[in-house]
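Below is one structure, written out as structure tokens; comments come after it.
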Amino acid sequence: MARINDVGGMQGFGAVDTTDDTEPFHADWEARVVGLFNALRAQGLFNTNEFRDAIESIPPARYLTTSYYERWFIAICALLERKGVLAPGELDGAVGAVGPDGLARPGGSAGLGQPGGPDA
Amino acid sequence: MSGDHHDDALISRRVRRLETLLEEKGVLSGGALDEVIDAFLSGASPANGARVVARAWTDPAFRSRLLADGTAAVRELGFMDGSYQRLRVVENTETLHNVIVCTLCSCYPLRLLGPSPSWYKSESYRSRVVREPRAVLAEFGLGLPADTEISVWDSSAETRYMVLPRRPAGTESLDETELAALVTRNALIGTAAV
């Protein structure tokens, strides 16, 4: 079954914003996320295919409402939990619960949506 | 792009906290990220792709090698990177225009084209350019004759594409460096002509 990232041919996304942004990052955190990805991959914590799979596994409602590098961050957190580097919810606990529009889920996972959670 | 200022501040705080957690656990050392961020972007520029194009315009033997085996040809100039296996260069002609996309996400020959623009990673571009390329190209201001065929190339983890634009008329007297200066990133993607 196609996953939500497989958007080729879908309709309804509207006109392309052709603004020619030449800056690779639009906020410092985006660069830090790319740094995290490269550093953790270089250590062998995950490989590129696992990372892609983690992005493609983001539940559709969340995928469509997050920005490109937010998805990277969600995928990194999910892989760190899967590999046992982060305990489930550890990042949320460290940052503190945030509202429903944030990435944190009160008492939930820092990574992919959990069955029965807000994304299900 | 990401939403409002509040969202940005929130995710920024979470990214910083993750960095700290990973340092506390000994998974990351302090300063490690700065090095890899620099390495990620170093040497990635559309000037590299432009050099490849200018060489192809001025050296017919190189052009033949480039179209036959893009991977080997750009390696001659030192521009192949290790994140994918194959580069295929697709040539625009009087009757054919090429444009590249990654419908699944964002695959792209970074070293040759520089950091990808936000629109390349957008759902709008990814979904529509394979379905209605002529309309999408018009949104970029590129109007093509009705009888020009359009080929859309969908990138993958293994294979990336670069467009070889048509050399503009009246450029016979320009040297390779001057020609390279005419070639934009969007021309290498196919959303502009030279």
Side-chain angles (χ1 to χ4, degrees), chain A residues 5-40 42-43 45 48-49 52 55-56 64-71 73 76-77 80 85-86 90-92 94-95 98-99 101-104 110, chain B residues 1-3 6-8 10-22 25 27-29 32-41 44 46 83 101 103-106 114-119 121-132 135-136 139-141 154 157 184-186 191:
Chain A
N5 66 296
D6 190 4
V7 299
M10 271 189 203
Q11 294 178 286
F13 284 114
V16 179
D17 178 354
T18 61
T19 306
D20 196 353
D21 50 347
T22 51
E23 289 300 315
F25 304 115
H26 301 87
D28 185 58
W29 67 263
E30 295 186 347
R32 309 303 294 174
V33 167
V34 170
L36 279 167
F37 164 71
N38 282 285
L40 296 171
Q43 292 189 27
L45 268 171
T48 307
N49 288 331
R52 273 195 196 101
I55 289 179
E56 295 170 5
L64 293 173
T65 51
T66 45
S67 72
Y68 182 73
Y69 287 115
E70 275 181 274
R71 294 171 194 158
F73 184 63
I76 289 167
C77 292
L80 289 172
V85 176
L86 286 182
E90 186 175 357
L91 183 63
D92 293 343
V95 179
V98 298
D101 294 323
L103 291 167
Chain B
M1 287 311 300
S2 62
H6 171 74
D7 284 348
D8 238 34
L10 183 67
I11 189 167
S12 176
R13 192 157 61 101
R14 290 176 61 75
V15 172
R16 270 202 311 277
R17 187 57 195 149
L18 178 60
E19 278 185 53
T20 307
L21 273 177
L22 293 173
K25 291 170 184 284
V27 176
L28 279 183
S29 57
L33 293 197
D34 297 312
E35 282 174 37
V36 294
I37 293 166
D38 289 344
F40 174 71
L41 291 175
S83 61
V101 63
T103 59
L104 293 178
C105 186
S106 57
S116 60
S118 295
W119 56 257
K121 299 174 276 202
S122 72
E123 280 78 54
S124 292
Y125 181 76
R126 288 158 49 200
S127 63
R128 290 181 52 223
V129 78
V130 291
R131 187 180 194 103
E132 43 178 354
V136 170
E139 286 168 25
F140 282 89
D154 195 357
T184 62
R185 182 199 59 209
N186 283 15
T191 53

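Hydrogens, waters and symmetry mates play no part in the numbers below; they use all other heavy atoms, side chains included. The chains referred to below are lettered A, B, ... by the order of the sequence lines, with proteins before strands, and numbering in each begins at 1.
Proximity to chain A (any heavy atom under 4.5 Å) is restricted, for B:Val136, to the side chain, taken from C-beta onward. Neither the backbone nor the side chain of A:Thr65 comes within contact range of chain B; no heavy atoms are under 4.5 Å apart. Only the side chain of A:Phe25 comes within contact range of chain B, with heavy atoms under 4.5 Å apart. If you measure heavy-atom distances from A:Asp6 to chain B, the contacts under 4.5 Å come from both the backbone and the side chain. For B:Val130, the part sitting under 4.5 Å from any heavy atom of chain A is the side chain, from C-beta outward, and nothing else. For chain B, the nearby part of A:Gln11 is the side chain; its heavy atoms alone come within less than 4.5 Å.
Ion pairing between B:Arg16 and A:Asp28 fails under the 4.0 Å rule for side-chain N and carboxylate O. Between B:Arg17 and A:Glu90 there is no salt bridge, since no side-chain nitrogen of the basic residue lies less than 4.0 Å from a carboxylate oxygen of the acidic one.
To the nearest 0.5 angstrom, A:Ile76 atom CD1 is 7.5 Å from B:Leu18 atom CG. Of the inter-residue distances, the one linking A:Ser67 atom OG with B:Ile11 atom CD1 reads 6.0 Å to the nearest 0.5 angstrom. To the nearest 0.5 angstrom, B:Ser106 atom OG is 8.0 Å from A:Arg52 atom CZ. Within the model, atoms CZ of A:Arg32 and CD1 of B:Ile37 stand 4.5 Å from one another, a figure rounded to the nearest 0.5 Å. Between the CZ atom of B:Arg131 and the CE atom of A:Met10 there is a distance of 11.0 Å, given to the nearest 0.5 Å. Distance check, rounded to the nearest 0.5 Å: OG1 of A:Thr18 to CG of B:Asn186 gives 8.5 Å.
Residues B:Arg128 and A:Ala15 share a closest heavy-atom pair of NH1-CA, 3.4 Å. Nearest approach of B:Trp119 to A:Asp17, heavy atoms of both residues: CB-O, 3.2 Å.
With a 4.5 Å cut-off on side-chain heavy atoms, B:Leu22 and A:Leu80 count as touching. Side-chain contact between B:Glu19 and A:Trp29 is absent, with no heavy-atom pair separated by less than 4.5 Å. For the pair A:Gln43/B:Leu28, a side-chain contact is recorded, criterion being any heavy-atom separation below 4.5 Å from C-beta on.
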Practice prompt. Any chance you could lay out the side-chain contact (heavy atoms from CB on, under 4.5 Å) test for B:Val15 and A:Glu30, step after step, and finish with the verdict?
Written response: CA-CA 9 Å; B:Val15 172; A:Glu30 295 186 347; over 6 Å; no

Practice prompt. Output, in order, the C-alpha distance, side-chain angles, deciding distance and verdict of side-chain contact (heavy atoms from CB on, under 4.5 Å) for B:Asp8 and A:His26.
Written response: CA-CA 10 Å; B:Asp8 238 34; A:His26 301 87; over 6 Å; no

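Most heavy-atom pairs under 4.5 Å with chain B, from the set A:Val85, A:Leu45, A:Val33: that is A:Val85. Of the residues considered (A:Gly14, A:Ala39, A:Ala27), A:Gly14 shows the highest number of contacts with chain B, using heavy-atom pairs under 4.5 Å. Among B:Thr103, B:Val129, B:Asp154, the residue with the largest count of heavy-atom pairs under 4.5 Å with chain A is B:Thr103.
Checked by atom type and distance alone, the side chain of B:Glu123 never pairs as donor or acceptor with a backbone atom of A:Phe13 at under 3.5 Å. A donor-acceptor pair under 3.5 Å is absent between the side-chain atoms of A:Asn5 and the main chain of B:Cys105, judged by distance alone.
A side-chain contact (heavy atoms from CB on, under 4.5 Å) with B:Val36 is found for exactly one of A:Leu36, A:Asn38, A:Leu40, namely A:Asn38.
Other residues, nucleotides and ligands contribute at most 12 non-hydrogen atoms within 6.0 Å of the CD atom of B:Glu35.
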